[in-house]
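These values consider heavy atoms only, across backbone and side chains, with no hydrogens, waters or symmetry-generated copies.
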Amino acid sequence: MNPTLQRQLCDAAWDGNDAVVAALINHPEVVPDAHHSAALVHAAHRGKTGCVRLLLPVSNANARNAEPLWRAATHRRAACVRLLVPVSDTSGWEQWMWSELPGPMRHLLATLGNAAT
C-alpha cells in the first residue's frame with residue numbers, strides 16, 4: 001500500500017473527483033477500503049454521489065458502525081443516503097447517533113426501511 005496514493009484517493013473522494021477516484025481504485029498500490037474505508041467516508045460526508053458509486057463495490061459501507069451512512073445523513077446528503085442504505089447496517093447505532101440526524105434524514109431512513117427500532 002502506497003500512503004501517498006492512499007491520501008490522493010481520500011482527497012479525490014473529498015473533492016468529488018470521479019476520474020481520479022476511478023483511476024486510483026484500480027491502482028495495484030491502493031487499497032480502497034483501507035483505514036476503515038476512509039475514502040468512502042469522505043465522499044459520503046461531502047455528498048459526492050459519483051465517488052460513492054465508484055467506492056461502494058470496493059469499500060466497506062459498514063466500517064466503523066456504518067459511518068459513511070451516518071456522515072451522509074448528518075450532513076443531509078440524501079442522494080448518498082439512498083445509495084448507502086441498502087448496504088448499511090444501522091443496528092449498532094446508539095441513540096445519540098439517531099438524535100444527531102436531522103429530522104428529514106431520520107424520515108428518509110425510515111422511508112427506506114433502515115430506522116431505529
Side-chain angles (χ1 to χ4, degrees):
M1 181 167 64
N2 181 318
T4 301
L5 293 176
Q6 289 296 136
R7 183 69 218 174
Q8 288 175 4
L9 175 63
C10 286
D11 289 347
W14 182 263
D15 293 338
N17 191 329
D18 297 353
V20 172
V21 169
L24 287 172
I25 61 175
N26 294 310
H27 193 285
E29 293 184 62
V30 172
V31 180
D33 66 345
H35 308 293
H36 307 287
S37 293
L40 179 61
V41 171
H42 290 327
H45 178 107
R46 298 268 294 181
K48 304 304 182 181
T49 310
C51 290
V52 169
R53 278 193 187 100
L54 290 167
L55 289 161
L56 265 176
V58 295
S59 299
N60 179 3
N62 289 302
R64 294 183 57 176
N65 203 8
E67 184 177 7
L69 175 60
W70 189 77
R71 292 282 190 102
T74 57
H75 293 282
R76 301 174 187 256
R77 313 299 191 192
C80 290
V81 167
R82 286 185 179 90
L83 291 172
L84 290 161
V85 162
V87 295
S88 299
D89 178 8
T90 60
S91 64
W93 284 10
E94 297 181 34
Q95 187 54 47
W96 72 266
M97 296 174 81
W98 289 103
S99 298
E100 291 285 318
L101 299 180
M105 291 297 103
R106 282 195 303 270
H107 177 73
L108 178 60
L109 286 168
T111 300
L112 297 172
N114 201 340
T117 55

Practice item. Assign the ring pair Trp14 / His42 to parallel, tilted or perpendicular, where the plane angle (0 to 90°) is split at 30° and 60°. Key: perpendicular
Practice item. Find the distance between SG (Cys80) and CZ (Arg53) and round it off to the nearest 0.5 Å. Key: 8.5 Å
**Study point:** Where at least one partner belongs to residues 5-29, residue pairs that pass salt bridge (charged side-chain N to carboxylate O under 4.0 Å, His left out), sequence neighbours excluded
**Key:** Arg7-Asp11
Point to revise | Separation of His27 NE2 from Asn2 CG (nearest 0.5 Å) | key: 7.0 Å
Check your understanding: By ring-ring contact (aromatic ring centres under 6.0 Å, His included), which residues pair with His35, not counting sequence neighbours?
Key -> none
Practice item. List the atom of Val87, the atom of Asn62, and the distance in Å for their closest heavy-atom pair. Key: O-ND2, 3.0 Å
Revision key, fill the gap. Heavy-atom closest pair (Leu84 atom, Ala72 atom, distance to 0.1 Å) is CD1-CB, 4.1 Å
Revision key, fill the gap. Residues Ala43 and Leu55: closest non-hydrogen pair is CB-CD1, 4.2 Å
Review point. Roughly how far, to the nearest 0.5 Å, is OG1 of Thr90 from CG of Asn65?
Key: 8.5 Å
Review point. For atom NE2 of His75, is the number of surrounding heavy atoms from other residues, nucleotides or ligands below 6.0 Å larger than 12?
Key: yes
Check your understanding: Is any side-chain heavy atom of Met1 closer than 4.5 Å to a side-chain heavy atom of Val30?
Key -> no
Review point. How far does CG of Leu69 sit from CG of Leu40, to the nearest 0.5 angstrom?
Key: 10.0 Å
Review point. According to the salt bridge (charged side-chain N to carboxylate O under 4.0 Å, His left out) rule, which pairs have a member within residues 65-82, sequence neighbours left out?
Key: Arg64-Glu67, Glu67-Arg71
Point to revise | Cluster overlap Leu109 with Val41, hydrophobic side-chain contacts below 4.5 Å | key: no
Exercise for review: Identify the two heavy atoms, one from Ala13 and one from Cys51, that lie closest to each other, and give their separation to 0.1 Å.
Suggested key: CA-SG, 4.1 Å
Point to revise | Test side-chain contact (heavy atoms from CB on, under 4.5 Å) applied to Ala22 - qualifying residues, sequence neighbours left out | key: Leu54
Exercise for review: Verify the cluster assignment for Leu5 and Val21: are they in a single hydrophobic cluster under the rule of side-chain heavy atoms below 4.5 Å apart?
Suggested key: yes
Review point. Can you name the nearest heavy-atom pair linking Leu101 to Trp93, along with the distance?
Key: CD1-CZ3, 3.9 Å
Point to revise | With Arg46 via salt bridge (charged side-chain N to carboxylate O under 4.0 Å, His left out) - residues at least two apart | key: none
Point to revise | The single option from Pro68, Ser37, Pro32 passing side-chain contact (heavy atoms from CB on, under 4.5 Å) against Asn60 | key: Ser37
Practice item. For Thr74, enumerate each residue passing the side chain to side chain donor-acceptor pair (under 3.5 Å) test, keeping only those at least two apart in sequence or located in another chain. Key: none
Check your understanding: Any idea which heavy atoms bring Met105 and Ala73 closest together, and the distance?
Key -> CG-O, 2.9 Å
Review point. Once you round to the nearest 0.5 Å, how far does OG of Ser88 lie from CG of Leu56?
Key: 7.5 Å
Point to revise | Within one Ile-Leu-Val-Met-Phe-Trp-Tyr cluster: Leu9 and Val58, side-chain cutoff 4.5 Å | key: yes
